[in-house]
Amino acid sequence: MNLMLYNSLTRQKERFKPIAQQKVKIYSCGPTVYNTPHIGNYRSFLFSDLLHRFYKAFDYQVTLVMNITDIDNKTIAGAKKAQLPLSAYTKHYEQEFLTDLKTLNFLPATTYPRASEHIPEIVTMIETLLKKGHAYEDSGSIYFKLASFRDYGKLSGIDVEHQLAGASNRIEADEYSRDTISDFALWKMHKPTEDGNVFYETTIGKGRPGWHIECSAMSQKYLGTHFDIHTGGIDNKFPHHENEIAQSVCATGKPFVNYWLHAAHLMIEGQKMSKSLNNIYTLRDLLKNNAHPLAIRYMLLSTHYRHTYNFTFANIEASYKALSRLARTYKYLEAQLKTQLRSATSNHSGKSTSPHEDHHSLLSTIEEKYRAFITHLEDDLNTSGALGDLFDLTHILTKTFNITDPPHFTPPTQPVLPQAIVTAALNFYRKADFIFGLNLKQLSSETVQNPLNHSNIPKDIEDLVTERNTLRRQKAFSKADFVRKKLLSLGYQLIDTQEKTIVQKITSPSKE
RNA sequence: GGAGGGUUAGCCAAGUGGUUAAGGCGGAAGUUUGCAAAACUUCUACGCACCGGUUCGACUCCGGUACCCUCCUCCA
């Protein structure tokens, strides 16, 4: 593997070198569980899953930590409003989040640590920072002293003096007094009016952690002081990640993270995602609109992670079709392989391969495409380019072997493809499927099925279908067509296959 | 005001200092199917926001303009 990654810290692509051979340690900024995550959140989470899968595909031992922020301003405010204990409130959203990850076919992270369960680690780190003179107490709260860290601003490229002067007006309204205008809270003194009964009695006082410190404490616990990769949304670069660096480096006195990777945001139908435009969609919103989760996954992976992506409903549809095409070819190849294995065990003739000249060049074409695929991914995870290669292969295969099977095809009984080619193509497909997490196997069995539940078809409609099929057997086609039209006007579409007629209720894709 | 990223066909989206600017969706024509759907084949950007510059040559490098997005204290 020869992976190049764009490092936000240096603003250029760098060759990835793991700290320990064949091992990679990744920390991904996870959700704040105060509401249901939206599709934009999942884009950046999905990016860490892609990394996870890519490394695994190359037999790396991956440790992926994704934090759950379950104690902060928003969770506390949300719980208060919902009149629930904080933990009950956050558990609900955490559960939703974990369910969504499964729905989107994420590989499970190594661990999902909760901030609320790492208060001792947080306190220890703050104590260290106090001891080393990087933090100070003021009115019961504890702040990080920015002036004590020279490298502050290196990641986000901000000029501390200049930048923060401009924001001074807003800071005036802040109720916490601070030494320096830009210092941020490590520990917030308990304020009954705001925090209610949410507090911890600790050696550094009664209160709760600031937002940034949890990530420093938890990454150190699970990944050590120095690890390979830290990911998150672009908006986290400042101040969150900048502050994390400051805390961790100052507390440990050691290098922190080698590669900082940031995923770009999402636009919705050409507009920014915002509450006022009412265009914030959760995964559940999309599923309600008949979006297939794997189509959503495909869609989000079809563009480069560092580019702003314009999410549209039309694109989910397009993605599903593209995905179905991949699934179809995959299924065909699997069926081929099965047939070959069967014939190989029943008769050892080995006749399944009829070696033609063409097959050698085809084999090298497949290998070439596979190399291109990997090379694209190695180039800062260029998923769009890689998908292009996969479709190139798909096209070549269908063209060469005239794979014209309809989606309802039955596996061929006689092997027609040389085994070496099937194996090579299938290996490519399987690798791509694993890295992209598209679950083509599941899809290929799904796409041949009626996507709708048969039991939902009313009796009178079923009767009409039966009537039409009787007419068809009698070759009374014009009468049969009349029934087809009638069903269509009732909102049902018929698809004739060799075995049976599939009935589909026509769904008008409403957005609400 | 400051910092960063972007603008490629109807839509999404790769990419390169110089023969034909990937791929997907859509569209068109055709093959096939009783019809339909699906599938398959072929075609579908004389141009890469605009204006300058560097260069033998720029969509690709440099500068400027317009528009969009992100960040500037808790928003992925």
Side-chain angles (χ1 to χ4, degrees), chain A residues 8 11 28-32 37-47 69 72-74 153 156-159 162-167 170-171 174 178 181-185 210-212 231-240 242-243 262-267 270-275 298-299 302-304 306-312 314-315 317-326 328 372 376 379 382-392 394-395 398-399 402-409 447-448 472 475-478 480-481 484-485 488 493-498 502 504:
Chain A
S8 297
R11 281 151 224 238
S28 288
C29 273
T32 300
H38 55 70
I39 194 65
N41 297 112
Y42 285 114
R43 192 207 184 175
S44 74
F45 300 151
L46 195 54
F47 166 59
T69 299
D72 79 322
N73 289 356
K74 283 174 297 184
S156 52
I158 63 155
D159 174 350
H162 185 231
Q163 285 306 318
L164 296 167
R170 292 184 214 182
I171 302 308
D174 199 304
R178 302 177 186 195
I181 206 139
S182 46
D183 290 352
F184 58 91
W211 174 37
H212 316 290
T231 76
I234 186 77
D235 56 317
N236 271 156
K237 216 198 267 188
F238 185 87
H240 185 54
E242 197 73 72
N243 291 352
H262 292 100
H265 277 200
L266 217 56
M267 306 269 289
Q271 293 179 302
K272 61 186 287 184
M273 197 189 289
S274 76
K275 275 182 189 153
Y298 177 96
M299 179 186 69
S302 69
T303 188
H304 188 87
R306 280 191 291 117
H307 285 350
T308 308
Y309 178 70
N310 185 20
F311 169 96
T312 64
N315 248 338
E317 191 66 31
S319 297
Y320 185 72
K321 291 195 174 163
L323 201 48
S324 302
R325 210 177 131 199
L326 293 178
R328 198 163 52 235
H376 268 127
D379 182 15
N382 183 349
T383 46
S384 331
L387 281 174
D389 298 321
L390 188 59
F391 274 102
D392 281 348
T394 307
H395 185 231
T398 51
K399 196 178 171 176
N402 199 21
I403 304 175
T404 59
D405 306 68
H408 319 287
F409 81 97
T447 48
V448 303
R472 284 174 70 213
K475 302 231 185 273
F477 292 125
S478 60
D481 285 350
R484 175 192 280 285
K485 272 183 195 159
L488 199 63
Q493 190 182 14
L494 305 184
I495 299 168
D496 295 328
T497 71
Q498 282 175 351
I502 290 172
Q504 284 184 334

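Every chain is numbered from 1, with letters handed out A, B, ... down the list of sequences. Because the structure is a prediction, the values reported are computed rather than measured.
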Indicate yes or no: at least one non-hydrogen side-chain atom of [X] is less than 4.5 angstrom from one of [Y].
| X | Y | result |
| --- | --- | --- |
| A/Ser28 | A/Phe47 | no |
| A/Thr69 | A/Lys74 | no |
| A/Tyr298 | A/Leu387 | yes |
| A/Lys237 | A/Ile234 | yes |

What does [X] touch in the nucleic acid at a heavy-atom separation under 4.0 angstrom: a base, only the sugar-phosphate, or nothing?
| X | result |
| --- | --- |
| A/Asp389 | nothing |
| A/Asn310 | sugar-phosphate |
| A/His307 | sugar-phosphate |
| A/Gly232 | sugar-phosphate |
| A/Phe45 | nothing |
| A/His395 | sugar-phosphate |
| A/Ala322 | sugar-phosphate |
| A/Asp235 | base |
| A/Leu390 | nothing |

Consider the side chain of [X], meaning its heavy atoms from C-beta on, and name the nucleotide among [options] that approaches it most closely.
| X | options | answer |
| --- | --- | --- |
| A/Trp211 | B/C74, B/A76, B/A14 | B/C74 |
| A/Arg328 | B/U73, B/C69, B/A39 | B/A39 |
| A/Asn41 | B/A76, B/U73, B/G26 | B/A76 |
| A/Asn236 | B/A76, B/A14, B/C12 | B/A76 |
| A/Phe391 | B/G23, B/C71, B/G26 | B/G23 |
| A/Ile234 | B/C25, B/A14, B/U70 | B/U70 |
| A/His265 | B/C74, B/A76, B/A14 | B/A76 |
| A/Lys74 | B/C75, B/C68, B/C35 | B/C75 |
| A/Thr398 | B/C12, B/A76, B/C40 | B/C40 |
| A/His304 | B/A76, B/A14, B/C12 | B/A14 |

Would you mind pulling out the nucleotide paired to [N], Watson-Crick or G-U wobble, both distances under 3.5 Å?
| N | answer |
| --- | --- |
| B/G4 | B/C69 |
| B/U55 | none |
| B/C50 | B/G64 |
| B/U32 | none |
| B/C75 | none |
| B/C43 | B/G27 |
| B/A9 | none |
| B/U16 | none |

What distance, rounded to whole Å, do you find between the two [atom1] atoms, one in [N] and one in [M]?
| N | M | atom1 | value |
| --- | --- | --- | --- |
| B/G24 | B/G57 | C1' | 33 Å |
| B/G63 | B/C75 | P | 35 Å |
| B/G64 | B/U54 | C1' | 15 Å |
| B/U60 | B/G53 | C1' | 15 Å |
| B/C51 | B/A58 | C1' | 15 Å |
| B/A13 | B/G17 | C1' | 23 Å |
| B/A37 | B/U33 | P | 15 Å |
| B/G30 | B/C68 | C1' | 42 Å |

Whether the A/Asp379 and A/His376 side chains hold a donor-acceptor pair (N or O, under 3.5 Å, no angle test) is what I'd like checked.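 No, because no side-chain N or O of A/Asp379 sits under 3.5 Å from a partner of the opposite role on A/His376.
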Decide yes or no, distance alone: a donor-acceptor N/O pair under 3.5 angstrom between the base of [N] and the side-chain of [X].
| X | N | result |
| --- | --- | --- |
| A/Asp481 | B/G34 | yes |
| A/Asp496 | B/C35 | yes |
| A/Arg43 | B/A76 | no |
| A/Arg11 | B/G4 | no |

Side chain of [X], backbone of [Y]: donor and acceptor closer than 3.5 Å?
| X | Y | result |
| --- | --- | --- |
| A/Thr383 | A/Thr303 | yes |
| A/Ser384 | A/Ser302 | yes |
| A/Arg484 | A/Leu494 | yes |

Hey, is the side chain of [X] poking within less than 4.0 Å of OP1 or OP2 on [N], counting only N and O atoms?
| X | N | value |
| --- | --- | --- |
| A/Ser302 | B/G23 | no |
| A/Ser384 | B/A13 | no |
| A/Asn243 | B/C74 | no |

Working note: A/Asp392 + A/His395, criterion side chain to side chain donor-acceptor pair (under 3.5 Å); need CA distance, chi angles, decisive distance, verdict. CA-CA 5 Å; A/Asp392 281 348; A/His395 185 231; over 6 Å; no
More 5' along RNA chain B: A/Arg325 or A/Arg472, using each one's nearest nucleotide?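 It is A/Arg325, whose closest nucleotide lies nearer the 5' terminus.
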Need to verify one output field. Residue with the more 5' nearest nucleotide on RNA chain B, A/Asp392 or A/His38?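 Between the two, 5'-proximity favours A/Asp392.
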Heavy-atom closest contact (A/Tyr42 atom, A/Pro37 atom, distance): OH-CG, 3.5 Å
Tell me the interatomic distance from [X], atom [atom1], to [N], atom [atom2], rounded to whole angstroms.
| X | N | atom1 | atom2 | value |
| --- | --- | --- | --- | --- |
| A/Leu387 | B/G15 | CG | P | 13 Å |
| A/Gln271 | B/C67 | CD | P | 18 Å |
| A/His376 | B/A14 | NE2 | C1' | 7 Å |
| A/Asn73 | B/U73 | CG | P | 15 Å |
| A/Lys321 | B/G27 | NZ | C1' | 12 Å |
| A/Lys237 | B/U73 | NZ | C1' | 17 Å |
| A/Lys399 | B/C43 | NZ | P | 8 Å |
| A/Asp72 | B/U73 | CG | P | 17 Å |

